2 protein chains.
Amino acid sequence: MIMEKIKLENSRAQMKKGVLDFAVLLVVSEGAIYAPDIIVKLKEAGLRVVEGTIYPLLNRLKESEFLEYEWKESKYGPPRKYYQLTSRGRAALRELTDGWNELSRTISNLLKK
Amino acid sequence: MIMEKIKLENSRAQMKKGVLDFAVLLVVSEGAIYAPDIIVKLKEAGLRVVEGTIYPLLNRLKESEFLEYEWKESKYGPPRKYYQLTSRGRAALRELTDGWNELSRTISNLLKK
DNA sequence: CGAGGTATATTGCAATGCAAAGAACCTTCT
DNA sequence: AGAAGGTTCTTTGCATTGCAATATACCTCG
């Protein structure tokens with residue numbers, strides 16, 4: 001039987017994993033932006049995210065019509081997909097903000113004992 | 001190609017998922033307790049958790065030596081496993097509390113713009 | 001053209017929540 | 001004793017998703 005031990009770094013990573021959709025929508029809500037800059041912004045905020053995570057996630061967010069993108073040319077390489085929120089995306093961001101606030105309350109409830 | 005749309009309820013659930021280890025350790029830190037009561041406490045705090053989630057999680061936490069248990073008889077059914085924190089568990093709880101505080105700061109960083 | 005940098009995408013794996021089903025133990029009622 | 005129903009713990013199979021690694025394509029410069 002498989003019975004993996006829990007690694008603490010994994011648990012902390014799991015916490016971050018849970019808020020990634022939310023964090024990406026927050027970053028994009030500040031203005032049109034392309035993937036490598038999203039990664040930089042998240043890192044500045046304290047979230048380490050890599051390409052293999054962000055591209056599938058952006059595709060899911062686009063498929064869900066929370067994000068849309070426009071190609072823009074670059075002086076430094078191939079064209080970039082600049083993402084921005086759709087109106088559905090803004091609604092989702094409000095929902096997820098509520099979810100975050102609920103979760104904060106939940107943990108506060110458990111911590112204050 | 002598989003390209004699932006993101007469901008908002010799932011995203012909110014994902015957030016909660018990320019803190020489950022932490023939440024369970026917090027509940028157990030209040031005193032020896034068995035699984036169905038852990039579920040109740042989490043529900044009171046705002047986290048919906050079911051058996052198929054909690055039992056494997058408790059087993060992982062025990063395997064990781066964060067929790068230990070004693071069998072206790074019950075008047076209402078089969079004996080129960082009462083879990084409590086080990087010293088490793090208390091250390092893990094401090095680590096995860098730090099992780100939670102970091103995550104709160106991260107989201108604050110992103111929200112305040 | 002070749003080298004090196006930039007941008008996006010894909011594959012395979014690992015972790016884990018959960019629905020559903022099952023197993024084992026207990027009390028109560030008939 | 002047997003049946004019914006509740007309680008407790010376990011297991012199986014599936015879906016989701018982060019990530020390392022790899023691939024693909026485009027761009028500029030020499």
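All values reported here derive from a predicted model rather than from experimental measurement.
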- Assert: residue with more 5' nearest nucleotide on DNA chain C, out of A/Thr53 and B/Thr53, is A/Thr53

- Query: More 5' along DNA chain C: A/Ser11 or A/Tyr83, using each one's nearest nucleotide?
  - Reply: A/Tyr83

Protein-nucleotide distance ([X], atom [atom1]; [N], atom [atom2]), rounded to Å:
X: A/Lys62; N: C/dT8; atom1: NZ; atom2: C1'; result: 14 Å
X: B/Arg60; N: C/dA15; atom1: CZ; atom2: P; result: 10 Å
X: A/Lys75; N: D/dC27; atom1: NZ; atom2: P; result: 16 Å
X: B/Glu51; N: C/dA20; atom1: CD; atom2: P; result: 12 Å
X: B/Asp21; N: C/dA15; atom1: CG; atom2: C1'; result: 11 Å
X: B/Leu47; N: C/dG17; atom1: CG; atom2: P; result: 11 Å
X: B/Glu63; N: D/dT10; atom1: CD; atom2: C1'; result: 15 Å
X: B/Glu70; N: D/dC9; atom1: CD; atom2: P; result: 14 Å

- OP1 or OP2 of C/dA24 under 4.0 Å from side-chain N/O of B/Arg80: no

- Can you list the other members of the hydrophobic cluster that holds B/Tyr34, where links are side-chain heavy atoms under 4.5 angstrom apart? B/Tyr82

- Message: When you compare the side chain of A/Leu42 with that of B/Leu110, does any pair of heavy atoms fall below 4.5 Å?
- Response: yes

With a 4.0 Å cut-off on heavy atoms, is [X] in touch with a base, just the backbone sugar-phosphate, or nothing at all?
X: A/Tyr76; answer: sugar-phosphate
X: B/Ala35; answer: sugar-phosphate
X: B/Leu20; answer: sugar-phosphate
X: B/Lys81; answer: sugar-phosphate

Could you work out which one of [options] sits closest to the side chain of [X]?
X: A/Val50; options: D/dT7, C/dT8, D/dA20; value: D/dA20
X: A/Pro78; options: D/dT11, D/dG18, C/dT6; value: C/dT6
X: B/Tyr55; options: C/dC18, D/dT8, C/dT6; value: D/dT8
X: B/Tyr34; options: C/dT16, C/dA7, D/dC9; value: D/dC9

- Message: Please report the interatomic distance CD1(A/Ile107) to OG1(B/Thr97), rounded to the nearest 0.5 Å.
- Response: 9.0 Å

- Query: Could you give the distance from CG (A/Leu58) to NZ (A/Lys81), rounded to the nearest 0.5 Å?
  - Reply: 8.5 Å

- Message: Run B/Val50 and B/Ile39 through side-chain contact (heavy atoms from CB on, under 4.5 Å) and show every step you take.
- Response: CA-CA 7 Å; B/Val50 297; B/Ile39 293 173; 6.0 Å; no

